[in-house]
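Small disclaimer: the values here were computed from a predicted structure and weren't measured. Counting convention: from 1, in listed order, for ligands and their atoms alike.
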Amino acid sequence: MQKINLPDNSFMLSKDFLYGVATSSFQIEGDRKGRLDCIWDTFCSQPHTIEDGTNGDIACEHIANWKQDIALVDSLGVDAYRLSISWPRVMNADGSVNGIGMRFYINLVDELVSRNMKVFVTLYHWDLPQYLEDEGGWLNRKTAYAFEKYARIVAQALGEKVHAYATLNEPFCSAYLGYETGIHAPGKTGVANGRKAAHHLLLAHGLALKSLREICPNSLHGIVLNFSTCHAASNSDADKTATKWADEYHNQWYLKPILDGQYPAVIEQLAQDERPVVAEGDMEIISQPIDYLGINYYTRTVYRADASGWFEVVPPTDTNLTAMGWEITPDAFTELLVDLHHRYTLPPIYITENGAAMDDELIDGEVLDNDRTAYFHSHLNAVHDAIEKGVDIKGYFAWSLMDNFEWALGYSKRFGIVYVDYETQKRTIKQSGNAYAELVKSRINGYISGIK
Ligand code: GCO
């Protein structure tokens with residue numbers, strides 16, 4: 001049976017390194033009747049948007065099963081649980097609070113705290129209320145201010161029982177996939193839309209951050225960004241330049257404004273009317289200090305120059321792929337972390353998502369997903385290597401606690417370390433879940449640099 005092993009002297013084998021599991025509201029909650037519609041409800045109802053034609057109406061029925069789900073999280077021995085709040089579950093369209101929805105999260109947080117787990121709350125994991133999309137969604141600057149108001153209300157309700165707040169999860173996906181390529185909700189397209197949405201998302205982050213800090217000065221406040229390292233298909237200057245643009249366009253576009261207060265140079269490559277309108281003071285709001293950076297990493301991407309010199313993706317030819325068709329590239333994970341560390345003055349880092357979809361089979365009550373365990377093994381060792389190279393990484397969250405709604409791919413892809421039978425809602429810990437729990441439980445107290 002595949003195990004997850006780390007070098008004997010690893011800091012990650014001490015209890016000073018935090019381990020958790022992560023989920024998000026729309027992907028697991030279900031109970032659509034208990035909330036307002038969000039952009040994903042609308043998107044799912046349109047033809048050919050979701051590969052298996054499903055939606056989030058039922059998902060993992062987490063709203064009904066939350067107590068047993070939290071007991072399950074606890075049984076893994078992890079230190080922390082990362083969840084997201086559904087904006088349309090806690091707020092009504094007139095700006096008032098949905099008391100039942102908010103009560104759900106208060107109870108959830110209380111339960112986690114009573115079990116001694118640290119709570120990491122993400123305020124926005126893509127489920128924008130539809131009534132805001134009807135006003136333009138992230139293309140409308142006002143949405144950033146609506147987000148600030150919502151963040152304030154959540155912070156007042158959950159307070160400092162939350163160990164760490166994240167304003168946004170992966171604004172790249174919200175902006176680029178949602179408003180530029182249209183493969184995610186709300187399905188809008190065009191460079192100008194994508195860049196505008198990204199700017200408003202970053203503004204929303206900055207505005208909310210300020211309020212969160214005011215209301216919960218003792219919690220940590222940050223943002224979760226996803227990165228895919230960019231590799232040139234060849235050594236040609238054209239491919240190398242295109243790859244640099246890709247990195248700036250997809251990765252640094254979200255981090256550089258926050259840490260350096262400016263967009264990367266690739267912005268100059270865009271036509272004037274494709275660039276976001278940056279109002280005076282926006283970059284100051286966006287670049288306030290964060291307490292931590294959440295990093296989500298899954299795979300690398302290879303690029304080449306197209307006929308115009310702009311970048312295009314080269315699909316993997318490798319056979320070492322996950323069920324998503326993503327290359328398994330742990331070395332690129334270390335490379336990413338070390339590269340960011342050299343480029344920026346980083347705050348402490350939490351790996352807020354990492355994991356793999358595999359073709360799981362439940363046989364005789366077991367899922368023997370050695371492939372996923374091997375993925376965790378290699379990627380946790382990649383984190384170890386980055387720490388050894390001087391990167392300040394404080395914790396790691398496996399994506400995901402359980403199989404769930406994988407966005408445009410519906411329920412066809414399973415990322416969980418717990419298997420979900422969608423007919424019965426029965427949860428079964430996969431072999432990878434047991435291996436993860438074993439690693440987490442094997443840690444010892446107290447780590448003095450290098451000596452266990
Ligand atoms: C993301 C999201 C998750 C996904 C996961 C697998 O990173 O896209 O945060 O919601 O399910 O990443 O694609």
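For the residue pair Asn354/His379, the side-chain donor-acceptor check at 3.5 Å is not satisfied. Asn296 and Glu353 share a side-chain donor-acceptor pair at under 3.5 Å. Residues Asn434 and Glu438 have side chains that never bring a donor and an acceptor to within less than 3.5 angstrom of each other. A donor-acceptor pair shorter than 3.5 Å cannot be found between the side chains of Thr229 and Tyr297.
Ligand 1 lies under 4.0 Å from heavy atoms of Gln27, His125, Trp126, Asn169, Glu170, Tyr298, Trp326, Glu353, Trp399, Glu406, Trp407, Phe415.
Formation of a donor-acceptor pair under 3.5 Å by the Asp291 side chain with backbone atoms of Gly222 is not found in this model.
Ring-plane geometry between Tyr303 and Phe311 is classed as perpendicular, the angle between the planes exceeding 60 degrees on a 0 to 90 degree scale with a lower cut at 30.
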